[in-house]
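Written below as structure tokens is the structure these notes are about.
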Amino acid sequence: MHQGFFLLFATVSVVTALTLVLARNPVHSALALMACFLQISAIFVMLGAPLLAVIQIFVYVGAIMVLFLFVIMMVDVREAVLQRFMPGGNLPALALLLLLGTEMVVLVLWSDRFIESPPVAERGGDAIRDLSKTLFSDYLLPFEIASVILLAALVGAIVLARKEPG
């Protein structure tokens with residue numbers, strides 16, 4: 001049953017990722033990305049990592065998706081839809097997608113590296129404490145740099161979306 005739920009969540013995740021790429025409406029793409037993030041957080045729950053699942057929902061579904069939808073709503077998307085990058089450029093991209101997908105399936109099926117590991121809950125109760133100590137002691141600078149980059153992206157999106165007076 002565990003494997004069935006994993007296959008269900010993984011399949012829905014792949015379908016929503018394809019919907020994200022193939023959708024013509026940017027709002028539909030953003031909603032498909034949100035659904036994909038939710039499926040990935042469900043996979044984290046099944047792997048016994050509830051902290052990662054909650055972080056996935058709060059950070060990506062909550063904060064990043066709100067930022068994406070804000071930018072999509074503020075920028076004039078109708079003008080960008082009229083401008084196509086390359087006419088007929090979807091066929092090489094689809095061929096590359098099929099080639100990479102086939103390669104991924106072959107590598108996963110033939111590899112011995114995907115051995116089932118015990119869930120995080122069975123490794124000890126201090127896993128979350130160890131993760132938080134490592135994050136805020138050894139990786140404090142990269143953590144703060146990532147937060148400043150996200151803040152700069154938010155300010156940049158607001159500046160780009162703002163209408164010129166006049």
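All figures in this text were calculated on a predicted structure; none of them were measured in a lab.
We find the CZ-CG distance between F44 and L51 to be 10.5 Å, quoted to the nearest 0.5 Å. For the atom pair E103 CD and L96 CG, the distance stands at 10.0 Å (nearest 0.5 Å). Put simply, CG on L33 and OG on S29 are 8.5 Å apart, with the number rounded to the nearest 0.5 Å.
Using modelled atom types, one side-chain atom of T11 and one backbone atom of L7 make a donor-acceptor pair closer than 3.5 Å.
Closest heavy-atom contact between H2 and M46: O-CE, 3.0 Å. Considering all non-hydrogen atoms of both residues, L98 and T102 come closest at O-OG1, 2.7 Å. Smallest separation of non-hydrogen atoms from A53 and S41: CB-O, 3.4 Å.
Under the 4.5 Å side-chain heavy-atom criterion for ILVMFWY residues, a single connected hydrophobic cluster contains both F37 and L31. Residues L18 and L94 fall within the same hydrophobic cluster, defined by Ile, Leu, Val, Met, Phe, Trp and Tyr side chains chained together at heavy-atom separations under 4.5 Å. Linking Ile, Leu, Val, Met, Phe, Trp and Tyr whenever their side-chain heavy atoms come within less than 4.5 Å puts V14 and L97 in one cluster. Under a hydrophobic clustering in which Ile, Leu, Val, Met, Phe, Trp and Tyr are joined whenever their side-chain heavy atoms come within less than 4.5 Å, directly or via other members, F5 and I43 fall into the same cluster. I57 and V45 are not part of a single hydrophobic cluster, where members link through side-chain heavy atoms under 4.5 Å apart.
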